[in-house]
Amino acid sequence: MRAVRGEILHFTGDPAVAGTDALRHFADGLLIVRDGLVAEVGPADALLAKLPADARIEDRRGRMIVPGFVDTHIHFAQIDIIASPGGQLLEWLERYTWPAERRFADPDHAAAVAGFFCDELLRNGTTTAAVFPTVHRVSADALFAAALQRRMRVIAGKVLMDRNCPDLLCESCEDGYVASRALIERWHGRGRLLYAITPRFAATSTPQQMQLAGRLFAEHPGVHLQTHLAENRAEVAWIRELYPEARSYLDVYERFGQLGPRSVFAHCVWLDDTDRGRMAATGAAMSFCPTSNLFLGSGLFDLALADAAGVRVGIGTDVGAGTSFSMLQTLAEAYKVLQMNGQSLSAERAFYLATQGGARSLYLDDRIGNFLPGREADFVVLDPAATPLLARRSAACGTLAERLFVLMMLGDDRAVAETWVMGEPAWRRP
């Protein structure tokens, strides 16, 4: 058993729906962990009396403890091209992505990058992530092995591509199907790992491969499916040429059985109301990737329309077109994107989306995302005085909402003092 004392915040619902009733906040709280799971959380003065005399208490007063961040869309193979200048989506793929991903045929390279990637997630407070490797089976093996060693919850699967990509990244749809099945058998459900069927996007898969991807999704209950959707207008036009029989880009995925609970679609910028309605009805989720959408000039995500349709939404950093692993920085850019769209993002809603909302979009909210008893004890210790400016501005705040807003607008990886996984320290700022 371990206990951590400090200011504690978590969510049991969406603040956009339930208001302040969705928050659970303890200015001086205690989080009690047993065997890696949350045992109890509440006011410190009430819970300290319940602890045995020899209980180990970690004192983090002056800092804020929140659930581990959930990144619903990120590419581990694109670390070495983050912050590469120029181009929109399709040019970015040609100029940067394909050359970088070719290198992942080398198991040593894949293992080195996977270790760095997982450590970088933890350094930024992210304990759960839905991740794209490459088409190479060894890239998925390397990522799963690195995450398993760190006891992280990672959802991933080898990328499927059988057209409109370089020969060295292209495979037959049958080979992709067989390799995916073997990876599911090896990794899905091992430790905290989960498999995701991963067609990169409809343009790089033939109808035959799309059919097999949908078949894999149906054949293996409990796996996820992840892909890209309606990120860029040129991409949408290309999909219309490749699949003229489909009503929309989203309809392509639905025709091949890829919509449903545990399917996650990144970006979702250029959708219509029918698309959003179908996503809500089938239980599919959107990953809002603000830094990537701004960096590639893709467009502005419409959270209000997603909410009105009842679609599940999480936050994705989308590294490497996304420009930061930091969920705090990503939330800051989400706020700005919505401002440009005539919408507002409260700090409470932002932190919900980065924790419980992300867990809900991945259908993991019964295991992660908040501090209800029985949840896996992943959490982040945030330092509101991590930089001189953050300390000065935080000291002037009068409410919790204001302090959260300042933390997400001025905070970054420096504000993450510690990251804990399953009730044990996984990263600590030197």
Side-chain angles (χ1 to χ4, degrees), residues 36 68-82 97 100-160 169 179-180 182-198 200 223-224 226 264 287 316-320 322 324-327 358-359 362 364 367-368 376-380 413 416 418-430:
F69 295 133
V70 179
D71 191 335
T72 57
H73 182 70
I74 186 170
H75 295 257
F76 108 85
Q78 294 183 16
I79 289 174
D80 293 333
I81 60 172
I82 191 171
T97 302
E101 294 195 358
R102 288 191 193 108
R103 300 183 63 196
F104 285 80
D106 176 1
D108 292 336
H109 177 72
V113 175
F116 179 89
F117 172 82
C118 289
D119 288 341
E120 194 70 6
L121 287 176
L122 293 171
R123 195 174 67 82
N124 283 274
T126 297
T127 54
T128 294
V131 187
F132 275 58
T134 68
V135 298
H136 310 100
R137 179 172 170 173
V138 294
S139 74
D141 282 329
L143 175 62
F144 280 132
L148 183 67
Q149 182 183 18
R150 293 160 178 80
R151 301 200 302 163
M152 299 172 69
R153 186 170 282 287
V154 161
I155 304 164
K158 74 171 295 301
V159 171
L160 299 172
L169 295 176
S180 296
L183 286 165
I184 291 169
E185 291 171 4
R186 180 174 186 185
W187 293 111
H188 183 66
R190 186 173 169 185
R192 304 174 72 201
L193 307 175
L194 297 168
Y195 199 85
I197 314 303
T198 308
R200 184 180 214 103
V223 302
H224 287 67
Q226 60 180 355
V264 184
S287 180
T317 61
D318 195 25
V319 167
S324 175
F325 278 81
S326 170
M327 191 58 71
L362 298 174
L364 293 173
R367 285 178 267 182
I368 61 169
E376 295 163 357
D378 295 344
F379 57 91
V380 188
D413 58 302
V416 176
E418 298 172 55
T419 303
W420 291 55
V421 171
M422 294 293 287
E424 297 289 338
W427 183 86
R428 186 168 285 154
R429 188 174 63 198

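The structure presented is a predicted model; accordingly, all values stated were derived computationally and were not measured. Side chains included, hydrogens not; waters and symmetry mates left out as well; all remaining heavy atoms used. Position 1 is the first residue of the sequence, and the numbers go up from there.
- A search for side chain to side chain donor-acceptor pair (under 3.5 Å) contacts involving Arg429 returns Asp383, not counting sequence neighbours.
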Next on the checklist: The test is side chain to side chain contact (heavy atoms under 4.5 Å, CB included); show your working for Thr198 and Phe132 and say whether it passes.
Outcome noted: CA-CA 7 Å; Thr198 308; Phe132 275 58; 3.4 Å; yes
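- For Trp187, the side chain to side chain donor-acceptor pair (under 3.5 Å) partners at least two apart in sequence or on another chain are Asp141.
- Listed here is the closest heavy atom pair of Ala147 and Leu193: CB-CD2, 3.8 Å.
- For the atom pair Glu101 CD and Ile81 CD1, the distance stands at 7.0 Å (nearest 0.5 Å).
- With sequence neighbours excluded, no residue forms a side chain to side chain donor-acceptor pair (under 3.5 Å) with His224.
- Under a 3.5 Å cut-off, the side chain of Asp106 and the backbone N or O of Asp108 do form a donor-acceptor pair.
- How far CG of Asp71 is from CE of Met327: 4.5 Å, rounded to the nearest 0.5 Å.
- Side-chain contact check for His188 versus Leu183: every heavy-atom pair is 4.5 Å or farther apart.
- The shortest heavy-atom contact between Gln226 and Val131 is NE2-O, 2.8 Å.
- Between Leu122 and Met152, some side-chain heavy-atom pair lies under the 4.5 Å cut-off.
- Residues satisfying the side chain to side chain donor-acceptor pair (under 3.5 Å) criterion with Ser326, sequence neighbours excluded, are absent altogether.
- Within the 3.5 Å criterion, the main-chain N or O of Val421 finds no donor-acceptor partner in the side chain of Asp378.
- Shown here are the side chain to side chain contact (heavy atoms under 4.5 Å, CB included) partners of Val416, two or more places apart in sequence or in another chain: Val380, Leu382, Thr419, Trp427.
- Scanning for ring-ring contact (aromatic ring centres under 6.0 Å, His included) contacts around His109 gives Phe104, with sequence neighbours left out.
- Heavy-atom minimum distance, Ala77 versus Ala100: O-CB, 4.2 Å.
- Across all their heavy atoms, Ala142 and Ala114 have their closest contact at O-CB, 3.5 Å.
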Item to check | Criterion side chain to side chain contact (heavy atoms under 4.5 Å, CB included) on His75 and Val319, from CA distance to verdict | outcome: CA-CA 6 Å; His75 295 257; Val319 167; over 6 Å; no
Checklist entry - Under the side chain to side chain contact (heavy atoms under 4.5 Å, CB included) criterion, do Arg190 and Leu148 qualify, and how do the steps go? => result CA-CA 8 Å; Arg190 186 173 169 185; Leu148 183 67; 3.7 Å; yes
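- Rounding to the nearest 0.5 angstrom, the gap separating the CG atom in Leu121 from the OG1 atom in Thr317 is 7.5 Å.
- Under the salt bridge (charged side-chain N to carboxylate O under 4.0 Å, His left out) criterion, Glu185 pairs with no residue at all, not counting sequence neighbours.
- The side chain to side chain contact (heavy atoms under 4.5 Å, CB included) test applied to Gln149 returns no partner, not counting sequence neighbours.
- Around the CZ atom of Arg102, the shell of radius 6.0 Å holds more than 12 heavy atoms that belong to other residues, nucleotides or ligands.
- Note on residues 109-121: pairs passing salt bridge (charged side-chain N to carboxylate O under 4.0 Å, His left out), not counting sequence neighbours, are Asp119-Arg150, Glu120-Arg123.
- Residues satisfying the salt bridge (charged side-chain N to carboxylate O under 4.0 Å, His left out) test with Arg428, not counting sequence neighbours, are Glu418.
- Remark: Phe325 pairs with Phe117 by the ring-ring contact (aromatic ring centres under 6.0 Å, His included) rule, at least two apart or across chains.
- The closest donor-acceptor contact from the side chain of Ser139 to the backbone of Thr134 lies under 3.5 Å.
- Here Leu194 contributes atom CG and Leu362 contributes atom CG; the two are 9.0 Å apart, rounded to the nearest 0.5 Å.
- In this structure, Arg137 and Ala182 approach most closely via the heavy-atom pair NH1-CB, 3.6 Å.
- Distance CD1/Ile74 to CG/Asp318: 8.0 Å, rounded to 0.5 Å.
- Minimum heavy-atom separation, Pro133 to Leu143: CG-CD2, 4.2 Å.
- In terms of modelled atom types and a separation under 3.5 Å, the side chain of Glu424 and the main chain of Gly36 share no donor-acceptor contact.
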Donor-acceptor pairs under 3.5 Å, side chain of residues 153-160 to any protein atom, not counting sequence neighbours: which ones?
residue, atom, partner, partner atom, Å
Arg153, NE, Glu376, OE1, 3.2
Arg153, NH1, Arg192, O, 3.1
Arg153, NH2, Glu376, OE1, 3.4
Arg153, NH2, Glu376, OE2, 2.7
Lys158, NZ, Val135, O, 2.9
Lys158, NZ, Glu171, OE1, 3.3
Lys158, NZ, Glu171, OE2, 2.7

